[in-house]
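Note sheet for the following structure.
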Amino acid sequence: MSDYVAPLKDMRFVLKELAGLDQVAKLPGCEDASADLVDQILEESGKFCAEVLAPLNQSGDAEGSKWDNGRVTTPKGFIEAYKQFVEGGWNALQFPPEFGGQGLPKLVATPVMEMWKAANLSFSLCPLLTGGAIEALLLRGADALKKTYLPKMVEGTWTGTMNLTEPQAGSDLALVKAKAVRHSDERLGEHYRIYGQKIFITYGEHDLAENIVHLVLARAPDAPEGVKGISLFIVPKFLVNADGSLGKRNDVHCASIEHKLGIHASPTAVLIYGEKEGAIGYLVGEENRGLEYMFIMMNAARFAVGLEGIAISDRAYQLALSYAKERVQSRDLAGGGKAVPIIRHPDVRRMLMSMKAQAEAMRALAYVVAAAMDIAHRDPDTSLRAKHQAFADMMIPVVKGWSTETCIEVASTGIQVHGGMGYVEETGAAQLLRDARITTIYEGTTAIQSNDLVGRKMAREGGATAKEVIKAMRVVEGELAKAQGEDMAAIRAGLAAGIKAVEDCVAWIVATYAPDIKAVHAGSVPFLKLMGIVCGGWQMARAALVAQKKLAAKDGDAAFYQAKIATARFYADHILAQAPGLRNTVVRGAAGVMALSEEQF
């Protein structure tokens, strides 16, 4: 696999020109996020990912994590890499200073996380889950729990997990059976004894950290049935003494780890709680509100998984581009007697441009959503906070669902660029596709994201937030109308058609949801894809407008800005062109989906 090089130039462009880093840096608590500091962070992160994480990606995939009698060992080099990760302060980047974090904006942490994932997806999953657990404790944990657990978790010397899934309870968490029995004694105080089995627990057991803090969904004995009876508990691998030191091993053990298609270095554990006296756990927040609290973790994790889609796409593009420049095969179609690098062949160019354009569109949209999360969390204006929170809430399912579905396509295209060499493991292209395949499944399948989008985020509010996004896209369309040149006209035409497609679908979803909910859900995944494509096109159009102004002012790297415009034009002609067809699938496609009886399948 070729060396990983963080796309710092594009990251900086998106941060400054599209996501509004300068404005985010003015928010309360973000004043330290100067352009110079952010540049330094990005540079250092790029070096760490290229020199420490990326070299372990292929070897970690080949070796995998190993289970032996309840213990899990990660691949060679992972322990040392994680130690450097913690010592570098990378885990603490976006968390509050009061618990040892650096307090930097989500917008600054986002490109750093993208780099981790592009360099080594399996490694990055450990801090992903820790971050989600930290978010849940910050918002809903009692002060005593925060004091005990957060400093070590923010530092990274303790890691965190999410424990939702059970053999009979996958996406349907109403079926959770794990039980929590109330206990009290002088030494441990008020606590619960947890009993049950959890599966598919990422980094549920490993050798990277001193302690693992499990956040576990379980039911108290008198809890109501269904999702309204689920509570959330902290269950540490090792109990924590009053002085903060680690005590005895808790009654939670790893029965096995899964043998998976990809992310081999990331241990996916089956955990058994309460085989003996019961695993000691502490209630987070109030009883029977666990699912509500877990969704705090889920939203953070879903955004992070969306970044995985971007990261895999970028890494696949880099790998394919390197190969296309080196692989000499066939003569130039326009003439010449010698074989040429395959990057000169039109269809290889088309594939590379599709990979590049979609990666850049996904990155731009995700960073804009990260900035919205910062504003929603920190801006003193309550109405502005609410507006940006609504935008972020609507777009997180899109970032997660669209980016991950697209990364599978992009990773597959990367194999196609390699030809037969892409199908063998040595090049690394196959690993990227194998790793990518889980991203549309964990932290909620694409259909779960799309159902959330059309239901809770759209029909419930009458499409109000979506209509605000359409207005913002119309403003960019108007700016394109004033811009000069054939490229800008083509970008405008593609964006206009995409906006119309989204507008039609939003109106149809709002009108149809109550009388025919199944019809709406039958088209929810195509609609999510449509939203991603068009919102990505919106950001690509904004990028083209910025680039044109920079070129006119002779400000900066002309080749970079020319490429921005050309890539946005490609996106309009090849990706946005899909929007009208997706609109028709959403609005007209339900009849075919629901036509057959079960017996006719």
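The structure presented is a predicted model; accordingly, all values stated were derived computationally and were not measured. All residue numbers in this chain count up from 1 along the given sequence. Both backbone and side-chain heavy atoms feed into the values below; hydrogens, waters and symmetry mates do not.
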Apply side chain to side chain contact (heavy atoms under 4.5 Å, CB included) to Leu433 and Arg437, showing your working.
-> CA-CA 6 Å; Leu433 181 58; Arg437 194 60 193 85; 5.9 Å; no

Compute the ring centroids of Phe233 and Tyr192, then answer whether they are less than 6.0 Å apart.
-> yes

Using 30° and 60° as the class limits, which term best fits the ring planes of Phe570 and His574: parallel, tilted or perpendicular?
-> parallel

Taking atom CD of Gln600 as the centre, does the number of heavy atoms from other residues, nucleotides or ligands within less than 6.0 Å exceed 12?
-> yes

Any ion pair linking Glu468 and Lys471 (charged N to carboxylate O, less than 4.0 Å)?
-> yes

Ile310 and Cys407, any side-chain heavy atoms less than 4.5 Å apart | no

Could you tell me if the ring centre of His206 sits under 6.0 Å from that of Tyr203?
-> yes

Begin from the C-alpha positions of Trp538 and Ile533 and carry the test side chain to side chain contact (heavy atoms under 4.5 Å, CB included) through to its verdict.
-> CA-CA 9 Å; Trp538 168 33; Ile533 284 172; over 6 Å; no

Atom CD of Gln416: over 12 foreign heavy atoms under 6.0 Å | no

Decide if the gap between the ring center of His521 and the ring center of Phe527 is smaller than 6.0 angstrom.
-> no

Tell me, with the steps shown, if Lys457 and Asp452 meet salt bridge (charged side-chain N to carboxylate O under 4.0 Å, His left out).
-> CA-CA 6 Å; Lys457 307 297 171 56; Asp452 181 38; 2.8 Å; yes

Chi angles and distances behind the side chain to side chain contact (heavy atoms under 4.5 Å, CB included) call for Glu360, Asp10 | CA-CA 8 Å; Glu360 290 184 10; Asp10 194 59; 3.8 Å; yes

Are Lys400 and Glu308 close enough, and set up right, to give a salt bridge (charged side-chain N to carboxylate O under 4.0 Å, His left out), and what steps lead you there?
-> CA-CA 9 Å; Lys400 199 282 186 185; Glu308 291 175 15; over 6 Å; no

Please report the C-alpha distance between Glu114 and Arg363 in whole Å, then the side-chain angles of each, then the deciding distance to 0.1 Å, and finally whether the salt bridge (charged side-chain N to carboxylate O under 4.0 Å, His left out) criterion is met.
-> CA-CA 9 Å; Glu114 181 194 330; Arg363 177 179 297 119; 2.8 Å; yes

Report the C-alpha distance between Lys198 and Glu166 in whole Å, list the side-chain angles of each, state the deciding distance to 0.1 Å, and finish with yes or no for salt bridge (charged side-chain N to carboxylate O under 4.0 Å, His left out).
-> CA-CA 5 Å; Lys198 294 291 182 177; Glu166 299 176 6; 2.9 Å; yes

So His214 and Tyr273, would you call those rings parallel, tilted or perpendicular, with 30° and 60° as cut-offs?
-> perpendicular

Any donor-acceptor pair under 3.5 Å linking the side chain of Lys356 with the backbone of Tyr317?
-> no

